[in-house]
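Protein chains get the first letters and strands the later ones, always in sequence-line order, with residue 1 at the start of each.
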Number of protein chains: 2
Amino acid sequence: MNDVWDALTDPTRREILMMLKKNDMNAGEIAEKFDISKPSISHHLNILRNAGLVRSEKHGQNVIYTISTSVLEDVMNILAVLIEKRK
Amino acid sequence: MNDVWDALTDPTRREILMMLKKNDMNAGEIAEKFDISKPSISHHLNILRNAGLVRSEKHGQNVIYTISTSVLEDVMNILAVLIEKRK
DNA sequence: TATATAATTAGATAATTATATAATTAGAAA
DNA sequence: TTTCTAATTATATAATTATCTAATTATATA
């Protein structure tokens, strides 16, 4: 759970998720969208994967990344509790 | 918005929010609940306040903290977009 | 007014994190 | 099998962050 929050803190990683929300992309395509080195993006992808926010699958020499939203439900639930009115 | 995510990353700060969800508390009461120095808690409270997640009001020599959830709606919305199915 | 209490600010430090470059691994194609 | 491309791993570094102790500020009370 902490891993999920930590993954979501970084703006680059949130943007990656936003992009993956629209379409699956491979690592190179993702890296192209940012002004950051490929290894650095690879690192961000790793953090997202460890948090369970993306999945990766190798196709030939490409690695295709897909968003995985199930863990986000937990985050939503926590927020819902916080927002919920005190009785 | 970044400030909100950053504020939410830290487990101590999330726990503070959970506590404040139940009741308003003053700085000392909050600090007592953790095994962390008072200045450190003060620092966390400052980050929460800058993110708009709490408000503080001085009553005598106590400072009473209250949760403020409106910014959390924005976070919820971002998560909702991410979770939303691709069409 | 002197002292005690609540909280914050100041300053230092250890740990974490985002980033880069260089090296490596794996697969595709000449 | 050599070479090219995609991606990751290894390593180093600068910046950020969480924490501490000490000092300060503000209020209350003896």
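One can place CG of B/L45 at 10 Å from P of C/dA7, the figure rounded to the nearest angstrom. Going from atom CD1 of A/I36 over to atom P of C/dT21 covers 12 Å, rounded to whole Å. The separation between A/I41 atom CD1 and C/dA20 atom C1' is 13 Å, rounded to whole Å. Atoms NZ (B/K38) and P (D/dC20) sit 14 Å apart, rounded to a whole Å. B/D6 has its CG atom 18 Å from the P atom of C/dT16, to the nearest Å. The nearest whole Å value for the distance from the CD atom in B/E15 to the P atom in D/dA18 is 15 Å. Rounded to an integer number of Å, the gap from A/D35 CG to C/dA18 P is 17 Å. We find that CD of B/Q61 is positioned 9 Å from P of C/dT5, with the value rounded to whole Å.
Applying the Watson-Crick and G-U wobble criteria (two distances, each under 3.5 Å), C/dT9 pairs with D/dA22. Searching all strands for a Watson-Crick or G-U wobble partner of D/dT29 with both distances below 3.5 Å returns C/dA2.
Phosphate contact (OP1/OP2 of D/dC20, side-chain N/O of B/S37, threshold under 4.0 Å): present. Side-chain nitrogen and oxygen atoms of B/N26 include none within less than 4.0 Å of the OP1 or OP2 phosphate oxygen of C/dA6. For B/Y65 and C/dT8, the shortest distance from a side-chain N or O to OP1 or OP2 is below 4.0 Å. Within the 4.0 Å cut-off from OP1 or OP2 of D/dT9, not a single side-chain nitrogen or oxygen of A/H43 is found. At least one side-chain nitrogen or oxygen of B/N62 sits closer than 4.0 Å to the OP1 or OP2 atom of C/dA7. For the pair A/N46 and D/dT8, the criterion of a side-chain N or O lying under 4.0 Å from OP1 or OP2 is not met. Note on B/H59: every side-chain N or O is 4.0 Å or more away from OP1 and OP2 of C/dA6.
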Exercise. Could you walk me through whether B/D6 and B/R13 pass the salt bridge (charged side-chain N to carboxylate O under 4.0 Å, His left out) test, one step at a time?
Key: CA-CA 10 Å; B/D6 287 345; B/R13 291 194 289 265; over 6 Å; no

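Here A/K58 lies in heavy-atom contact (under 4.0 Å) with sugar-phosphate atoms only. When heavy atoms are screened at a 4.0 angstrom cut-off, A/I47 is found touching the sugar-phosphate backbone but no base atom.
Considering only side-chain atoms of B/S42, the nucleotide from C/dT9, C/dA20, D/dA18 that sits closest is C/dT9. Closest approach to the A/A27 side chain among C/dT8, D/dA7, C/dT19 is made by D/dA7 (side chain taken as heavy atoms from C-beta onward). Considering only the side chain of A/T12, C/dT19 comes nearest among C/dA28, C/dT19, D/dT8.
The side-chain contact (heavy atoms from CB on, under 4.5 Å) test with A/I67 is passed by exactly one of A/D24, A/L20, A/L53, A/L48: A/L20.
Closest heavy-atom contact between A/L8 and A/L17: CD2-CD1, 3.7 Å. The heavy-atom pair separating A/I30 from A/Y65 by the smallest distance is CD1-CB, 4.1 Å. Residue B/K21 comes nearest to A/V81 through the heavy atom pair CE-O, 3.4 Å, listed as atom of the first residue, atom of the second, then distance.
If B/R13 and A/V63 are placed on DNA chain D by their nearest nucleotide, the residue sitting closer to the 5' end is A/V63.
In this structure the side chain of A/K33 never reaches within 4.5 angstrom of the side chain of A/E15, judged on heavy atoms.
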